[in-house]
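What follows is a short report on a single structure.
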Amino acid sequence: MNNKLYADVLVEVPGLFTDHTYQYQVPLKLVGIVQFGNRVKVYFGKQKVTGFVVGFSEKKAVEEVKEILDLADERPLFREDQLALARWLADYYFCSTVKALQSVIAPVLKRTVSRSVERIYSAVRPEQLPALREQMPRSPKRLAVLETALQHPGLRKRELATATGVSIYLVNQLCAGGMLRVETDLPTRDPYSQYKFINQAPVGLTGEQNRAVQDIAAALQQGGHRVFMLHGVTGSGKTEVYLRCIEQVLHTGRQAITLVPEIALTPQMVRLYKARFGRDVAVLHSRMSDGERYDEWSRIENGRAPVVLGVRSAILAPVPDPGLIIIDEEHEPSYKQEEAPRYHARAVALYRTQKCRGVLVLGSATPSLESYCRALPGGEYSLINMPNRINGKSMPNVQLVDMRREVQSGNSGIFSLILLQKLREKLHNKEQAIIFLNRRGFKTLVVCRECGLVLKCPRCEISLTYHTDGRLRCHYCNYRVQAPKHCPDCGSSQVGYFGTGTQRVELELAAALPGVRILRMDADTTSRKGSHEQILAAYSNGEADILVGTQMVAKGLDLPGVTLVGVINADSTLHMPDFRAGERTFQLLAQVAGRTGRGDKTGEVLIQTYTPEHYAVQAASRHNYLAFFQQEIAMRKEMGYPPFAKMVRLILYGRDDAVVQQAAEKIRAHLDRFAVGLSGGKIMIVGPAPAPLSRLKEDYRWHIILWSADYRQLRLVMERFCQATGGVAPGKELKMSINVDPMYIM
DNA sequence: AGCACGCCGACT
DNA sequence: GTCGGCGTGCTC
């Protein structure tokens, strides 16, 4: 008998950029046992590695074939459709199929072998608390821990400690003293077991909500692929629309995935879904343990959890037949993964709903230009507008403060006179305020403080940045020019370099407003796990008057006590060296404005800027998305930027600046050669230029950007390039990353 | 990633 | 003559 069986195996070798499968003979003992999707142990050269079985054949394609040594896991780890998804990811985002597959089944690969989990319960009954309080009046922290344990039974030690705001040491002590009971949990973990399923009486829908639900439900009934752009202002009740649509899709026997940005996946959000769908909900977020994530993953896989609520990576979940995918806040850049495979959840959602004839709903108050463009009349998406807030509340009043006038009238500080005055007013009325600034801006931005002029590259329309050699540089095309001493427009010598930090704001605020209580929230103060929540809790308890923070204070917060939001400098995002700077500024300002006026009193917003006439700032101040969209889209069209083009960004990085630059120049030459002789749309290639973050950690970074209205041609260039280089940059000490549809050019 | 093969300089 | 430098190229 010569009918031997061979398996096609994708080997897991880091650094091996190949979609090639290797044939291994299936040993007799494994015939009928090894299946598609199994992970197996094999020799690859002299090293023992694992690989994924992705096919079988009865003929061998090469002379020398080794045997599979053994199974790595008993059961198959993925289905055909998951491999197809991985292949699509690898193909579209230029990464290896193995890498993509590893991402697609990450929770399975990181699964812990039924590791038992310790859960903490109070050994004290609630009615014993008052007596204890008298017994140990000097231990308020201990009592607080007990209270938390009573309110939230079954937390982990660490969770209990952070939820109470004490150290884990204290929790351990209480366990040792017998006040807390430790239970070793069974392998089935339900991180949200404390949430009860409340079959809520459905709330009434507004007319707008009703229409949205009906449109989407009709599409779900029809069962074809459709995409809806749900453009609804903050507070227009999009979530209720999502919930109703999910109910609809469940009736058709299919499943639903809801994606929310990391910051929006709060316990409240989970509670909302749990209340409606109970155990049918699987939650996936990044702070779960590997074991918890795996448990949810299995419930999705075997169909027990038809409703998935999660962050970006949940789009890869093994939902058998997603009839509905919802992406809330679809414009959020966090939907783009910044490590390989560098996928955008929206693009994956599009692929998945196309493939299984499902409905995709993109919700946002400030849609991305890419999506809104397609939702215009005649586009592939259907637009649903929800322009009104459900409670009839009006949008807050936004006032622009022209900082050029402040400079002219002799105030060269961070705060305008009006902002200080308003802050004093709020303090006097015992109301709260948020001061927002964007530190992600570059110190190196050059602005004329008299007329507000920001120097831009004549070729790319991108802000020039200041370098220590005294020159200004374009980080797209490497255009260079001597930094002017006087403003080329108005001749003023008041040319400034920007970069104000939260710390400085905090200090100056304390100096300007004696006695004020300030909380600061930025990357420095929230590095510890749970500190983010702690700061917010303290602030909403009224422990501070002013919250000073970066990006993170802008998104998703619901603080009814806040009646004033001050934006220190809108220009720091507006003039970032990135073609999406205007879009992000508009989104950010719109978000920030949505943070106020959530309580009974109407809120107000003060935006300080040197360029109040800029359309992004103007439109944001009037809550006018359409006005912004029209101006921005005109600029994109003129420059040939996305959404009128597809973009690919290559980053070359390594320890030696000169080596990296040289390699980048070579690659550019390669690309030029691959681009010539193509019939079809023009391909733009710029760079190499130092990446805006030109030195990240130890590495020097150079980048090359390619874009074209004709994506087929662009792909062709990239395919040739990857084929020639194997996707790996030539030479050692040099690394390269490929980013398709990059969100940032930084 | 590893590990071979391979083609040039300085050593017992 | 050989040891070993690390530049290309392959691994079923």
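Heavy-atom basis, side chains included; hydrogens, waters and symmetry copies ignored.
Partners of Glu330(A) by salt bridge (charged side-chain N to carboxylate O under 4.0 Å, His left out), not counting sequence neighbours, listed by chain and number: Arg346(A). Residues satisfying the salt bridge (charged side-chain N to carboxylate O under 4.0 Å, His left out) test with Arg352(A), not counting sequence neighbours, are none. Applying the side-chain hydrogen bond (donor to acceptor under 3.5 Å, both in side chains) criterion to Thr353(A), with sequence neighbours excluded, gives His225(A). For Phe52(A), the ring-ring contact (aromatic ring centres under 6.0 Å, His included) partners two or more places apart in sequence, or in a different chain, are Phe78(A). Under the rule for a salt bridge (charged side-chain N to carboxylate O under 4.0 Å, His left out), Lys336(A) has no partner lying at least two apart in sequence or in another chain. Legend: residues meeting side-chain hydrogen bond (donor to acceptor under 3.5 Å, both in side chains) with Gln102(A), ordered by chain and number and at least two apart, are Glu12(A).
Listed in residue order, the members of residues 33-45 of chain A having a heavy atom less than 4.0 Å from DNA chain B come to none.
A donor-acceptor contact under 3.5 angstrom links the side chains of Tyr343(A) and Gln337(A), judged on distance only.
Screening residues 77-97 of chain A for salt bridge (charged side-chain N to carboxylate O under 4.0 Å, His left out) gives Arg79(A)-Asp81(A), Asp91(A)-Arg715(A) as the qualifying pairs, with residues at least two apart or on separate chains.
Rounded to an integer number of Å, the gap from CD of Gln23(A) to P of dT11(C) is 13 Å. A straight line from CD of Glu64(A) to P of dC10(C) spans 16 Å, rounded to a whole angstrom. Distance, Glu67(A) CD to dC12(C) C1': 13 Å, rounded to whole Å.
Close to dC12(C), at under 4.0 Å from its OP1 or OP2, lies a side-chain N or O of Tyr24(A).
Val65(A) comes within 4.0 angstrom of the backbone, heavy atoms only, and of no base.
Taking the 5' to 3' direction, DNA chain B first and last meets chain A under 4.0 angstrom from a heavy atom at dA1(B) to dA4(B).
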